[in-house]
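Notes follow once the structure below has been shown.
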Amino acid sequence: MNHERSFTLSENGQLICELPILFGTTGPDVIDIQTLYQRTGMFTYDPGFTSTASCGSTITYIDGEAGILLYRGYPIEQLAEKCTFLEVCYLLLNGELPNSEQMQEFEYNITMHTMVHDQLTNFFNGFRRDAHPMAIMVAVVGALSAFYHDALDIKSKTHRDISAVRLIAKVPTIVAMCHKYSTGLPFMYPQNKLSYVENFMRMMLATPCDEYHPNPVLVRALDRILILHADHEQNASTSTVRLAGSSGANPYACITSGIACLWGAAHGGANEAVLNMLEEIGDISRIPLYINKAKDKNDDFRLMGFGHRVYKHYDPRAKLMRATCYEVLTELGLHDDKLFKLALELERIALEDNYFIEKKLYPNVDFYSGIVLHALGIPSNMFTAMFAMGRTVGWIAHWDEMISDPDQKIGRPRQLYTGATCRDVPARHGKTI
Ligand code: SDX
């Protein structure tokens with residue numbers, strides 16, 4: 001980051017201090033306020049970090065006004081069309097797309113780590129069969145740190161790299177186990193002859209009783225869905241992973257904190273909430289009722305899958321997700337799918353409504369993802385776990401970047417205190433404690 005300009009801070013015309021302005025390769029410049037408190041005795045105030053850059057990063061760039069998303073400089077549209085999810089994983093972790101030799105080695109390493117320690121299966125038995133998969137994911141992914149004492153030194157790049165491979169390889173296996181556990185069906189072991197997504201689909205949807213031949217169109221669609229979810233700059237769950245990692249916590253604990261944060265309905269839980277919302281709306285004739293509920297300040301209902309903190313234009317991932325949705329439904333002979341038609345009409349009506357136009361509320365990545373996952377035979381309570389499966393590589397890339405950052409220190413925000421000032425504990429009936 002460079003700076004040649006400065007920002008002058010004054011109060012009632014009285015100069016307080018000058019702060020350097022830093023600028024990156026593209027996007028908004030930043031005012032470097034690291035010395036603000038020691039020079040002014042004041043903090044900045046920014047709940048939700050709407051105007052705050054928490055770090056410098058080279059991984060993902062979003063232009064919310066223009067609806068642009070770049071992974072390491074490559075547009076999401078090109079990556080979704082020309083690359084596989086594992087190629088995108090390599091790109092996010094290493095900064096460049098792999099050549100064929102690098103890709104072969106990376107894919108081999110991932111494949112060789114897809115199995116989990118057999119003791120890990122015992123953790124599932126402590127849960128009721130109807131436990132939410134994300135509750136199990138938090139427990140089981142967190143438990144991984146108890147199995148890999150051989151590589152928990154976060155200062156070691158070698159340890160960080162093997163942890164990255166283990167997490168990218170094992171999270172799909174654990175996601176599939178969560179689903180099997182909830183159905184009472186036996187866990188399916190990975191098969192090394194299958195690709196990353198073929199393996200996941202077999203572990204998730206097959207049983208030991210039949211041969212499983214994944215549909216290549218559906219495999220490609222799911223691979224693309226994972227690419228669309230792989231990273232998204234400093235979103236809530238990624239910021240959680242960075243903050244957890246800043247204390248020196250091990251990678252499995254940090255990724256677990258990201259999974260926990262992603263579960264919220266305002267974040268990764270929205271895809272499951274969208275499907276529930278569409279099923280509750282039920283019919284095109286009921287759309288105006290729900291549009292009015294979303295606009296009613298006294299009603300806490302929100303149009304799930306709509307709106308975004310950064311995108312004030314169409315989320316480029318939503319466009320790609322809608323196209324993937326159509327591709328999958330057509331392949332499955334479901335192009336008349338009621339939920340998809342309802343979603344298309346809901347989008348059309350909302351985008352013509354002044355409330356959504358003025359507030360720049362467009363469909364986000366979650367609006368269509370639930371419909372295509374539903375069509376792939378994945379139950380809605382698994383949708384956020386699927387999101388976590390795609391986002392694991394983004395969390396790891398940011399965790400690794402944070403640890404390698406020379407400016408890195410433990411994250412410790414301050415506050416605007418509005419509570420009671422200092423006061424004495426009253427004597428109680430003359431008794432002193
Ligand atoms: C993800 O950060 C990321 O990058 C996240 C993500 C990623 O890849 O990591 O992109 C993934 O989390 C996508 C978002 C999924 N969540 C939803 O679809 C839930 C529904 N959306 C909203 O809850 C909301 O839009 C957020 C949480 C996504 C964004 O909230 P902000 O930026 O804090 O905006 P806000 O809540 O202040 O809303 C601004 C205004 C408000 O009205 P006013 O108070 O100004 O009058 O817009 C309204 C809100 O009431 N509004 C909505 C709405 N979203 C915002 N009104 C109705 N329906 C909605 N969906």
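Quick caveat, the model's predicted, so the values are computed rather than measured. Order of appearance sets the numbers: ligands from 1, and atoms from 1 within every ligand.
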Gln38 atom CD: more than 12 heavy-atom contacts under 6.0 Å: yes
Please determine if Arg224 forms a cation-pi arrangement with Phe85, meaning its NZ or CZ atom is less than 6.0 Å from the six-membered ring centre and no more than 45° off the ring axis. no
Looking only at protein heavy atoms, which one is nearest to atom 60 (N) of ligand 1, and what is the separation? Leu303 O, 2.8 Å
Tyr355 near ligand 1, heavy-atom distance under 4.0 Å? yes
Any nitrogen or oxygen of Val365 lying under 3.5 Å from a nitrogen or oxygen in ligand 1? Just yes or no. no
Please walk me through it: do Leu361 and Leu303 pass side-chain contact (heavy atoms from CB on, under 4.5 Å)? CA-CA 9 Å; Leu361 302 175; Leu303 213 51; over 6 Å; no
With only distance considered, is Phe306 within less than 3.5 Å of ligand 1 through an N or O on each side? yes
Of Met304, Lys293, His232, which has the heavy atom at the shortest distance from atom 19 (C) of ligand 1? Met304
Arg348 and Glu352 ion-paired at < 4.0 Å: yes
Identity and separation of the nearest protein heavy atom to atom 18 (O) of ligand 1: Gly305 N, 2.8 Å
Nearest protein heavy atom to atom 15 (C) of ligand 1, by residue and atom, and its distance? Asp366 OD2, 3.2 Å
Look at atom NZ of Lys338 and say whether more than 12 heavy atoms of other residues, nucleotides or ligands are closer to it than 6.0 Å. no
Judged by non-hydrogen atoms, does Val310 sit under 4.0 Å from ligand 1? no
Distance below 4.0 Å between atom 10 (O) of ligand 1 and any protein heavy atom? yes
Checking heavy-atom distances from atom 47 (O) of ligand 1 to each of Met277, Arg309, Lys359, the winner is Lys359
Does the side chain of Asp63 come under 3.5 Å of the side chain of His313 through a donor N or O and an acceptor N or O? no
Starting from atom 17 (C) of ligand 1, what is the nearest protein heavy atom, named by residue and atom, and what distance separates them? Ala270 CB, 3.6 Å
Sub-3.5 Å N/O-N/O distance, Ala236 and ligand 1: no
Heavy-atom nearest option to atom 28 (C) of ligand 1, drawn from Gly390, Ser237, Gly307: Gly307
Are the aromatic ring centres of Tyr311 and Tyr362 under 6.0 angstrom apart? no
Measuring to protein heavy atoms, does anything land under 4.0 Å from atom 37 (O) of ligand 1? no
Could you tell me whether Met115 atom CE has more than 12 heavy atoms of other residues or ligands within 6.0 Å of it? no
Heavy-atom distances under 4.0 Å are what count here, so tell me which part of Leu361 touches ligand 1: side chain, backbone, both or neither. side chain
State the atoms of ligand 1, each with its element, that fall below the 4.0 Å cut-off from a heavy-atom position in Ala266. 12 (O), 14 (C), 15 (C), 16 (N), 27 (C)
If you count every heavy atom of other residues, nucleotides or ligands that lies below 6.0 Å from Arg128 atom CZ, does the total exceed 12? no
Candidate with minimal heavy-atom separation from atom 12 (O) of ligand 1, of Arg317, Lys360, Glu358, His267: His267
List the steps and the verdict of side-chain contact (heavy atoms from CB on, under 4.5 Å) for Val274 and Ile371. CA-CA 9 Å; Val274 167; Ile371 298 167; 5.7 Å; no
Name all residues meeting the salt bridge (charged side-chain N to carboxylate O under 4.0 Å, His left out) criterion together with Glu233; count only those two or more places apart in sequence or in a different chain, and write none if there are none. none
Among all the protein's non-hydrogen atoms, which is closest to atom 2 (O) of ligand 1, and how far away is it? Asn235 CB, 3.4 Å
Mind checking whether Gln234 has a heavy atom under 4.0 Å from ligand 1? no
Pair Lys360 + Glu65, salt bridge at N-O below 4.0 Å: yes
Atom 5 (C) of ligand 1: the protein heavy-atom neighbour that sits closest, reported with distance to 0.1 Å: His308 NE2, 3.6 Å
Salt bridge Asp296-Lys293, side-chain N to carboxylate O under 4.0 Å: no
In terms of heavy-atom contacts, does CZ of Phe43 have more than 12 from other residues, nucleotides or ligands at under 6.0 Å? yes
Counting from 1 in the order shown, the ligand 1 atoms closer than 4.0 Å to a non-hydrogen atom of Lys297 are 42 (O), 43 (P), 44 (O), 46 (O), 50 (O)
At what distance is the nearest protein heavy atom to atom 14 (C) of ligand 1, and which residue and atom is it? Asn364 ND2, 3.5 Å
If you count the atoms of ligand 1 from 1 in the order shown, which ones are under 4.0 Å from a heavy atom of Arg391? 7 (C), 8 (O), 9 (O)
The closest protein heavy-atom partner of atom 50 (O) of ligand 1 is Arg302 NH2, 3.1 Å
